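Working notes, beginning with the structure itself.
For clarity, every value in this text was computed on a predicted model and none was experimentally measured. Lettering follows sequence order; numbering is per chain, from 1. Worth knowing before you read on, the calculation uses all heavy atoms, side chains too, and leaves out hydrogens, waters and symmetry mates.
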Amino acid sequence: MTATPDTRQAAQRIYAAIRAIPAGEVAGYGEVARRAGLPGRARLVARLLSTGGEPGLPWHRVLRSDGRIAFPEGSDGHREQRERLRAEGVEVSGGRVVGRRARPTLDETLWGPPR
DNA sequence: GTTCTGACTGCGA
DNA sequence: GTCGCAGCCAGAA
């Protein structure tokens, strides 16, 4: 790849943003990208994960803006993500997150809460 | 070098 | 609620 320092750094920020998602909570690709300082680069986030991402990365907490799993229902990845989320107390039905607003409240849960 | 593709998003109908 | 379209960026062929 052209692995420019900028791109690599961006990837690291994205990874950090994903790791910052607390268990039992979910975040959208766009949200993660924004937190990483890359607004509008949700696709980059998705691509990073699809190309391997990082070991131990809670990628299953990353959903689409609709709060749905990015994988098509019935897919292997879809099934795995659903299981992982359920293990953390997040119920998923019909590819949709239940018991929690689809719109990830990352802002409030992560960096912008109480205070 | 150009072209295609993709774990996406937002808006309008 | 769903469906379609355009915009967007980065990597792979």
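- Atom CZ of A:Arg64 and atom OH of A:Tyr29 lie 9.0 Å apart (nearest 0.5 Å).
- Residue A:Gly40 is classed as having no contact, given no heavy-atom separation below 4.0 Å to the nucleic acid.
- Within the structure, side chain to side chain donor-acceptor pair (under 3.5 Å) contacts touching residues 38-60 of chain A (residues at least two apart or in different chains) are A:Arg19-A:Glu54, A:His60-A:Glu88.
- Remark: A:Arg84 pairs with A:Glu80 by the salt bridge (charged side-chain N to carboxylate O under 4.0 Å, His left out) rule, at least two apart or across chains.
- In terms of heavy atoms, A:Val62 sits closest to A:Gln81 at O-NE2, 3.0 Å.
- Using a 4.0 Å cut-off, no side-chain N or O of A:Arg47 falls inside it from OP1 or OP2 of C:dC8.
- On the nucleic acid side, DNA chain B contacts chain A at distances under 4.0 Å to non-hydrogen atoms, with the end points of that region at B:dG6 to B:dG10.
- Shortest non-hydrogen contact noted between A:Arg86 and A:Glu91 is CG-OE1, 3.9 Å.
- The distance between atom CZ of A:Arg41 and atom P of C:dG7, rounded to the nearest whole Å, is 17 Å.
- Here A:Leu49 lies in heavy-atom contact (under 4.0 Å) with a base.
- At distances below 3.5 Å, not a single donor-acceptor pair connects side-chain atoms of A:Arg82 with backbone N or O atoms of A:Val92.
- For the pair A:Leu48 CG and C:dC8 P, the computed distance is 20 Å after rounding to whole Å.
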